[in-house]
Structure formats: C-alpha cells, structure tokens
Amino acid sequence: MSDMIQHPASPLGAFERWLTLWVGLAMIAGLALGVLAPGLVQAVAMAEVASINLVVAVLIWAMVYPMMVNVDFGAVAGVARQPKGLLITLTVNWLIKPFTMALLAVLFFDHVFAPWIAPQDAQQYIAGLILLGAAPCTAMVFVWSQLTRGDATYTLVQVSVNDIIMVVAFAPIVALLLGVTEVVVPWQTLVLATILYVVLPLAAGLLTRRVLGSPARIELFSAQVKPWSMIGLIATVAILFGLQGQTILDRPVIIALIAVPILIQSYLIFAIGYSAAWLMRVPHRIAAPCALIGTSNFFELAVAVAISLFGLNSGAALATVVGVLVEVPVMLSLVAFANRTRARFPTETTR
C-alpha cells in the first residue's frame with residue numbers, strides 16, 4: 001500500500017496522508033485533557049448560543065468551507081456523457097446506505113449488544129450511526145479518487161450533484177430514520193444544523209469561486225485554506241474525546257462495539273457499489289471513485305448535527321467520532337483493493 005499512497009499522481013499533504021495518525025493522537029490528547037483539565041473542557045462545552053457551541057461551530061466551518069470552495073456546480077451538466085457512475089453513487093447514497101446503516105445500528109444496539117448497553121445509551125449510539133449513514137462524503141472522496149487514479153472531473157460532478165441532493169434530502173431522511181428508532185427529533189434544530197453546516201458553506205463556497213474567478217486562483221486559494229479543514233477536524237475530535245474521556249476510560253469496549261456496525265456497513269456498501277459498476281461495465285477510473293464515494297461518510301456534517309441535536313458529550317456525538325477513526329484505515333484498505341482489481345474493469349466506457 002505504501003507505494004500506492006506515494007504515487008506521484010497523488011500529491012497528498014501531510015494532514016491527509018497521515019490523517020489516521022492525527023485523529024488517533026487527537027483522541028489521546030482529548031482523553032488526557034478531559035482527565036487532567038476537566039474544567040477547561042467544560043468551559044468549552046458551556047460556550048453555547050441557541051444550542052450551538054460557538055467553539056465547535058468555528059471548527060466545523062473551518063472543516064466544511066474549504067471543501068465547498070471545490071464544489072463546481074457548472075460541472076454538473078457534464079454528467080450526461082457517462083451517467084452510469086453517477087447513477088450507482090446516487091442509488092447507493094440515498095436509496096440503500098442510510099437504511100442499511102439504520103438496520104445494522106438497530107440490530108446490534110437493540111438486540112446483539114442489548115445485554116451490555118443501557119437502552120438510553122443504545123438509542124444515542126443508534127442516532128449517531130444513522131447520522132453517519134445519511135451523510136455521504138464531500139471532501140475526502142477527492143483523496144480516494146486520486147489514490148485510485150480516478151477521473152477527477154467526473155468525481156467532481158458526482159460530489160456536486162451529491163451536495164445539491166444533500167441540501168434537500170439529508171434532514172428528511174435523518175428525521176424519518178430517527179423517528180423510526182423512537183428518538184425524538186427536534187425538526188427546527190435539525191433543519192437549522194443543515195442550513196448552518198451545508199447550505200451556508202455551499203453558498204459561501206460558490207460566492208468565493210465567483211470572486212476568485214479563474215481556476216488557477218481557485219486552486220491556489222483552496223490549497224491555502226485546505227489545511228484548516230484538517231486542523232478543524234483534529235481539534236473537534238480532541239474536544240469530543242475530552243468530554244467523553246472518563247466514559248471511554250471507564251468503558252473502552254464501547255468504542256469497539258460502535259465500530260462493529262460501521263465496519264460491516266463500510267465493506268457492504270463498497271461491495272454493492274463496486275459490484276454494480278463491474279456488472280454495468282463502468283471503466284475503472286469512474287468505477288473506483290463512485291464505489292468509494294458511496295462508502296465514505298461526510299463525518300464533519302454527522303459530527304456537527306450530532307452535536308446540535310444531542311450535545312457535545314452525547315453518545316451520538318461519540319458514535320460519529322468513532323466513525324472518523326474507523327473510516328480512514330477502512331477506506332485505505334478499499335483503495336488498495338480497488339487498485340489491485342483495476343484490470344477486471346474496462347478502460348473505456350461501454351455504452
């Protein structure tokens with residue numbers, strides 16, 4: 001895998017290249033902070049206005065805004081030339097993935113793990129997993145696409161269409177699934193979080209692109225602000241694990257339990273998307289990214305909404321953060337598999 005990651009066509013920065021390490025270190029730092037300086041962590045938790053934590057809001061914006069600058073809505077029109085990859089991605093993201101995640105979450109936390117987890121905690125973990133399953137990835141998909149030598153333009157089209165759909169579909173799907181699992185959903189809070197963390201950053205990103213004008217200036221600006229996205233993510237993880245520190249130290253096995261349905265979901269969704277692309281004779285440069293997009297999660301959005309709905313120190317927020325840790329090594333393993341199976345796919349589009 002090491003030669004794959006260092007492929008010259010994949011100029012990843014240090015944050016993206018070692019994201020798993022940084023997230024792991026952030027978790028350790030957060031645990032230490034929560035134990036050694038609980039007053040500081042609680043002070044951060046109390047900095048709220050209308051149920052929105054001000055510190056975390058800044059960090060979430062730092063995560064989301066650089067991603068949204070890369071969303072080119074003008075590229076959506078180009079999808080007509082090769083619609084199969086987009087069809088697979090959208091079908092997996094919106095008709096399959098949220099519901100399989102909800103099913104796995106309920107299966108494990110209402111039944112398989114029920115003897116070891118309190119019912120109220122189980123509902124929190126279910127809610128966090130549903131938020132992960134209903135939030136398809138926006139930013140890291142460009143990394144996965146690069147690592148599989150995917151079609152960058154087509155990947156951008158897929159992400160752009162996905163974001164447009166997410167603006168209108170995320171809140172209803174989450175509300176439906178959380179309602180099914182008997183978690184009371186405050187619609188106003190959910191819609192507000194979606195507007196705050198999706199709609200407004202999208203608008204800001206579009207405005208930024210218009211102000212910058214040329215692709216060269218957009219690319220330069222994106223490179224300059226991109227590190228803040230990873231810094232925001234790492235800082236948010238540290239804060240969340242600081243608030244969850246004592247719980248994790250008291251019950252470390254809960255992290256492993258939360259990871260189980262996430263792992264099953266990730267490999268299942270990839271298998272569905274990748275197999276569909278193979279059956280439909282989609283070329284590998286489109287097939288690999290489209291399967292990885294369906295597998296990956298927009299964990300920044302999931303964390304943000306979990307915090308808005310259930311609070312910084314909730315089990316739902318913890319579940320979404322576990323998703324952050326699990327996702328990167330899982331996605332790298334799938335990238336390696338996709339690269340090993342490249343020869344099984346056509347190199348050109350079959351109509």
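Everything numeric in this text was worked out from a predicted model, so none of it was measured. Numbering starts at 1 and runs along the sequence shown.
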Exercise. Assign the ring pair Phe109 / Phe113 to parallel, tilted or perpendicular, where the plane angle (0 to 90°) is split at 30° and 60°.
Key: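 It falls in the perpendicular class, over 60°.
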Single-linkage hydrophobic cluster [X]~[Y], side-chain heavy atoms < 4.5 angstrom:
X: Ile165; Y: Leu86; result: yes
X: Leu40; Y: Leu31; result: yes
X: Leu263; Y: Leu132; result: yes
X: Trp278; Y: Met280; result: yes
X: Leu107; Y: Ile117; result: yes

Closest non-hydrogen atom pair, [X] against [Y]:
X: Pro289; Y: Ile286; answer: CD-O, 3.4 Å
X: Ala288; Y: Tyr274; answer: CA-CE1, 4.1 Å
X: Ala319; Y: Gly128; answer: CB-CA, 3.9 Å
X: Ala287; Y: Ala277; answer: CB-CB, 3.6 Å
X: Ile126; Y: Asp110; answer: CD1-OD1, 3.6 Å
X: Leu129; Y: Ala105; answer: CD1-CB, 3.7 Å

Does any non-hydrogen side-chain atom of [Y] lie less than 4.5 Å from one of [X]?
X: Trp116; Y: Val253; answer: no
X: Leu90; Y: Gln158; answer: no
X: Cys290; Y: Val282; answer: no
X: Ile264; Y: Phe108; answer: yes
X: Leu257; Y: Ile254; answer: yes
X: Ile173; Y: Trp94; answer: yes
X: His284; Y: Arg344; answer: no

Checking the side chain of [X] only, and the main-chain atoms of [Y] only, is there a donor and an acceptor separated by less than 3.5 Å?
X: Ser296; Y: Leu292; value: no
X: Gln265; Y: Lys97; value: yes
X: Thr341; Y: Ala338; value: yes

Self-check item: Pairs touching residues 252-263 that satisfy salt bridge (charged side-chain N to carboxylate O under 4.0 Å, His left out), sequence neighbours left out
Solution: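 Qualifying pairs, neighbours excluded: none.
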Quiz item: Which one of Val330, Val322, Leu104, Thr320 satisfies the side-chain contact (heavy atoms from CB on, under 4.5 Å) criterion with Ile262?
Solution: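 Testing Ile262 for a side-chain contact (heavy atoms from CB on, under 4.5 Å) against Val330, Val322, Leu104, Thr320 leaves exactly one candidate, Val322.
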Nearest 0.5 angstrom please: [X] [atom1] to [Y] [atom2], how far?
X: Thr100; Y: Ile272; atom1: OG1; atom2: CD1; value: 6.5 Å
X: Ile293; Y: Ile269; atom1: CD1; atom2: CD1; value: 14.0 Å
X: Leu212; Y: Glu219; atom1: CG; atom2: CD; value: 12.0 Å
X: Met101; Y: Leu131; atom1: CE; atom2: CG; value: 11.0 Å
X: Ile239; Y: Leu33; atom1: CD1; atom2: CG; value: 9.0 Å
X: Thr148; Y: Leu334; atom1: OG1; atom2: CG; value: 11.0 Å

Exercise. Go through the structure and list residues passing side chain to side chain donor-acceptor pair (under 3.5 Å) with Arg217, not counting sequence neighbours.
Key: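 Arg217 satisfies side chain to side chain donor-acceptor pair (under 3.5 Å) with no residue once adjacent residues are dropped.
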Quiz item: Are side-chain N/O atoms of Tyr267 and Ser333 paired as donor and acceptor at under 3.5 Å?
Solution: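 Indeed, the side chains of Tyr267 and Ser333 share at least one donor-acceptor pair under 3.5 Å.
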Quiz item: Is the number of heavy atoms from other residues, nucleotides or ligands within 6.0 Å of CZ (Phe221) greater than 12?
Solution: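 Buried by this count: over 12 neighbours within 6.0 Å.
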Quiz item: Excluding sequence neighbours, so at least two apart, what forms side chain to side chain contact (heavy atoms under 4.5 Å, CB included) with Ser222?
Solution: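 Expected list: Val69, Asn70, Ile218.
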